[in-house]
Amino acid sequence: PDAPSVKDLAAHIKKMATARNTEGGGYTYPSQSALSRATPNPIGFDNPKPPKNTADVIKAVAIGRGKDSGRFAINGLLVAQDGSELVSTDGHRMLMVTGAKKGTFGKDGLFGGDSIDKGIIKDPHEGNYPPYKEVLPKKDDAEHVIQIDPQKVLEQLRQASLVADESQRGVAMYKNTDGSLGFAARNVVVGTVEVGLNPGATYLATIRPEFLADAMRFHVGAGIAPG
């Protein structure tokens, strides 16, 4: 049979919740294979595409910039290392492209303005950017290295978020023994759904799935290879 739409899934959850509350009876729910084919995602995950040009890379990095009027400096993008490095942060996460040719992103400095969302860096931005290099992980710190395929992780997050509790929207994230990620989400009506979770996995944290989805969109949109 055809996979249920998100609207159908939402209606099913509501119907089963009502039945459970009034009758206390059992219920059925679409399988994970059905969930994996249900589109679009209720929290708006899109399907990112690899960059075609530098403007696309800039727009991908801009996903992580701040929107807090009280922390003006982080609302822009930082160009560093003779125009070969581009950085964004909102104070909670950081996105960075490094290793490009000198001058790829223009002159060094802090830049802002609405043009960034169009992939154009031109408007100087005031403020002192945070010392971002101090929080970069060491490449030899294998304990905290996660092997990812951004498109696969986006799909797993989409599946898990379909049943994540509406009041918290939290998804539990695990590190599998092979270094990949797995996820689990719980709903009081349908129970727990595990996505890409292998035996022996280590719990890492409970996250807001849309935040990790932004990071995966960045990886694809900036042309960063899986790994």
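What you see below is based on every heavy atom in this structure, not just the backbone, and it leaves out hydrogens, waters and symmetry mates. Values in this document were obtained by computation on a predicted structure and should not be read as measured data.
The minimum heavy-atom distance linking A60 with G221 is given by the pair CB-C, 3.5 Å. In this structure, Q156 and F183 approach most closely via the heavy-atom pair OE1-CE1, 3.5 Å. Nearest heavy-atom pair across A62 and I116 is CB-CG2, 3.5 Å. In terms of heavy-atom proximity, A213 sits nearest to L157 at N-CD1, 3.7 Å. Smallest separation of non-hydrogen atoms from A184 and T192: CB-CG2, 4.4 Å. Annotation for S161 and P209: closest pair CB-CG, 4.2 Å, computed over non-hydrogen atoms.
Once rounded to the nearest 0.5 Å, the distance linking CD1 of I74 with CG of N128 reads 13.0 Å. Atom-to-atom distance recorded for I148:CD1 and H219:NE2 is 4.0 Å, nearest 0.5 angstrom. Separating the CZ atom in F218 from the CG atom in L95 is a distance of 5.0 Å, to the nearest 0.5 Å. Atom CG of D123 and atom CG of D114 lie 8.5 Å apart (nearest 0.5 Å). Between the NZ atom of K118 and the CD1 atom of I58 there is a distance of 13.5 Å, given to the nearest 0.5 Å.
Using a 4.5 Å heavy-atom threshold, the side chains of L181 and L204 count as touching. For the pair V97/F105, a side-chain contact is recorded, criterion being any heavy-atom separation below 4.5 Å from C-beta on. Using a 4.5 Å heavy-atom threshold, the side chains of T89 and Y132 count as separate. Contact annotation: the side chain of E85 approaches that of K133 to within less than 4.5 Å [non-hydrogen atoms, C-beta and beyond]. Using a 4.5 Å heavy-atom cutoff, the side chains of V171 and L212 are not in contact.
By the criterion of side-chain heavy atoms lying less than 4.5 angstrom apart, applied directly or through intervening Ile, Leu, Val, Met, Phe, Trp or Tyr residues, V220 is not grouped with V153; the two fall into different hydrophobic clusters. When the side chains of ILVMFWY residues are joined at heavy-atom separations under 4.5 Å, either directly or via intervening members, I120 and V57 end up in two distinct hydrophobic clusters. V193 and L197 sit in two unconnected hydrophobic clusters of ILVMFWY residues. Membership requires side-chain heavy atoms under 4.5 Å apart, directly or through other members. In the hydrophobic clustering of this structure, V195 does not group with Y174; members are Ile, Leu, Val, Met, Phe, Trp, Tyr whose side-chain heavy atoms approach within less than 4.5 Å, directly or through other members. Taking hydrophobic clusters as Ile, Leu, Val, Met, Phe, Trp and Tyr residues chained together by side-chain heavy-atom distances below 4.5 Å, F211 does not share a cluster with M173.
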Notebook entry, point to check: What do the steps show when you test R217 against I63 for side chain to side chain contact (heavy atoms under 4.5 Å, CB included), and what is the final call?
Noted result: CA-CA 8 Å; R217 288 171 51 217; I63 291 172; 3.9 Å; yes
Check: Would S88 and L77 satisfy side chain to side chain contact (heavy atoms under 4.5 Å, CB included), going step by step from the backbone distance to the final call?
Finding: CA-CA 5 Å; S88 71; L77 297 181; 3.4 Å; yes
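With hydrogens and angles disregarded, no donor-acceptor distance shorter than 3.5 Å links the side chain of N176 to the backbone of D178. Listed for the R65 side chain is a donor-acceptor partner under 3.5 Å among the backbone atoms of N75. Counting only distance, with no hydrogens or angles, the side chain of T206 and the backbone of G170 share no donor-acceptor pair below 3.5 Å.
Sorted by first and then second residue, the pairs that involve residues 88-112 and meet salt bridge (charged side-chain N to carboxylate O under 4.0 Å, His left out), not counting sequence neighbours, are D82-K102, D90-R93, R93-D214.
A salt bridge links R158 with E155: the distance from a Lys NZ or Arg NE/NH1/NH2 to an Asp or Glu carboxylate oxygen falls below 4.0 Å.
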